[in-house]
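Take a look at the structure below.
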Amino acid sequence: MSQTAWVLIFPDSKIEWATLIVILLQTTAHIYLYRCRHKIQLLLKKLLKISEMCSIHSWKTLETAVTVYCIFSSSVIFACLVIYYNIDLTKYYHFLVNNSTSIPEDLKYYVNIIRDITYLLNILSMEGFLLSINLYYCFVCWCVKLFALKLIPKSQATTVQNDCNRVLQIYQELNNAVKYADSFLSYPAFISVVTNMCELFWTGYNFVFLFDGDYLLFTSLALFLIHDLIILLLIVLSGAAANSAIMMARSTIKSLPAQFPQLYQKIKMVVRQRCKQKNSFTLWKIYTFDKPLLINALGTLLTYGILLGTLGSVRN
């Protein structure tokens, strides 16, 4: 609501419109996840069940990675919030308020205070959303990758039919978990990637083309640029790594019948039934995560950044 008010007060400000669009997109994803909160808990139970089937009980690496990421993200947000009060961008926002004809003179001081508070709340809400959804999504992808890679040597070392049935059961549970996760995480992942690319584009454009000697602003933009780039790398590479591990596990499972010549036809029929669906992590069922997606995203940002920078210099 506060961002909508700033858009109405400053309808010609592109920053206010862009911020409103990003907040609306993230709000839709937040509402969607809130309605699917029971699925989040159920997915964790599914992953716990698979971890017990794979005999995985150590999570120290994951705990360390999550802790480091949380500390880094919190530090970046805190540093940028502190820097905000000492950069020229803040003076520019105050200048817009002080020269606005739609705000009474006796209220402009308080409007500036409210403007600063809402800006900080917008940063905290947007970054808080990205932090929570990215951590959960990367956790799910990391678990799927770990389980799939754990399944590959089990299937290759299978020599008894009972072991074969257990491997097929684990793969089926894993495949169902991926399908279930993508059914409600694909849209938040899509929104997270889109909004992150918008932030990355805006930050990179200001960092390259609009730097005017304010080194505090330069530091703030550099921190946000690194932070947004890390988020994009985490989501895309986590999804791509999980999909790659699933494909490897599927290929290994399909080779199981060859290990039991006497039961070849029977096991082949079971494998066909359980490997019929090819589930993977996607962006809103539109694009399957793979490593070329990262190159395409960065190439798109670079292309449009150069294009806008060139048009801006020609106009000047």
Side-chain angles (χ1 to χ4, degrees), residues 14-15 17-19 21-26 28-29 65-66 68-70 72-73 75-77 79-80 89 123 126-142 144-145 182 185-211 217-247 280-314:
K14 297 178 181 179
I15 296 178
W17 279 101
T19 304
I21 293 174
V22 170
I23 291 177
L24 289 177
L25 288 174
Q26 292 187 347
T28 60
V66 170
V68 171
Y69 176 72
C70 289
F72 173 76
S73 298
S75 301
V76 169
I77 296 172
C80 291
L89 183 62
I123 293 294
M126 290 189 294
E127 296 302 326
F129 169 80
L130 289 176
L131 179 64
S132 59
I133 183 60
N134 291 339
L135 282 178
Y136 183 78
Y137 194 83
C138 292
F139 168 77
V140 173
C141 292
W142 187 87
V144 170
K145 177 188 174 182
D182 194 63
L185 288 178
S186 59
Y187 177 70
F190 173 77
I191 294 299
S192 182
V193 170
V194 170
T195 55
N196 181 258
M197 288 184 63
C198 293
E199 293 179 10
L200 192 60
F201 175 79
W202 181 86
T203 306
Y205 180 82
N206 287 276
F207 184 82
V208 175
F209 294 105
L210 301 181
F211 176 64
L217 177 60
F218 179 84
T219 304
S220 178
L221 291 175
L223 288 174
F224 266 120
L225 190 65
I226 296 172
H227 182 250
D228 292 337
L229 186 60
I230 289 177
I231 290 177
L232 184 63
L233 290 172
L234 279 176
I235 297 179
V236 176
L237 293 182
S238 296
N243 286 340
S244 177
I246 294 170
M247 291 179 60
S280 58
F281 291 98
T282 63
L283 290 172
W284 204 15
K285 309 295 183 180
I286 299 174
Y287 194 98
T288 302
F289 275 109
D290 54 13
K291 292 181 181 179
L293 174 62
L294 180 62
I295 305 300
N296 294 336
L298 295 178
T300 301
L301 293 176
L302 183 61
T303 301
Y304 281 98
I306 294 175
L307 180 61
L308 288 180
T310 303
L311 291 176
S313 61
V314 171

Nearest 0.5 Å, what's the [atom1]-[atom2] distance between [X] and [Y]?
X: Leu298; Y: Leu232; atom1: CG; atom2: CG; answer: 6.0 Å
X: Ile21; Y: Cys198; atom1: CD1; atom2: SG; answer: 8.5 Å
X: Ile231; Y: Glu199; atom1: CD1; atom2: CD; answer: 7.0 Å
X: Cys141; Y: Asn134; atom1: SG; atom2: CG; answer: 10.5 Å
X: Leu294; Y: Ile235; atom1: CG; atom2: CD1; answer: 11.5 Å

Seminar exercise, completed: Taking every heavy atom of Pro188 against every heavy atom of Ala29, the minimum-distance pair comes out as CA-CB, 4.2 Å
Exercise. Looking only at heavy atoms, which two atoms of Leu200 and Leu229 are closest? And how far apart?
Worked result: CD1-N, 3.8 Å
Flag the pair [X] / [Y] as yes when at least one side-chain heavy-atom distance between them is below 4.5 Å, and no otherwise.
X: Leu283; Y: Ser186; result: no
X: Thr282; Y: Tyr287; result: no
X: Val140; Y: Phe281; result: yes

Set of side chain to side chain donor-acceptor pair (under 3.5 Å) partners for [X], sequence neighbours left out:
X: Asn243; result: none
X: Tyr187; result: Thr28
X: Thr195; result: none

For this session: Classify the ring geometry between Tyr137 and Phe289 as parallel (under 30°), tilted (30 to 60°) or perpendicular (over 60°).
Result: tilted
Seminar exercise, completed: Sorted by chain and residue number, the ring pair (Phe, Tyr, Trp, His ring centres under 6.0 Å) partners of Tyr136 (sequence neighbours excluded) come out as none
For this session: Please list, chain by chain and in numerical order, all residues satisfying ring pair (Phe, Tyr, Trp, His ring centres under 6.0 Å) with Phe201, sequence neighbours excluded.
Result: none
For this session: Return yes if a side-chain donor-acceptor contact under 3.5 Å exists between Ser280 and Asp182, otherwise no.
Result: no
For this session: Look only at the side chain of Asn196 and the backbone of Ser192, and say whether a donor-acceptor pair between them is shorter than 3.5 Å.
Result: no
Exercise. Considering residues at least two apart in sequence or located in another chain, which fulfil the salt bridge (Lys or Arg N to Asp or Glu O under 4.0 Å) criterion with Lys291?
Worked result: none
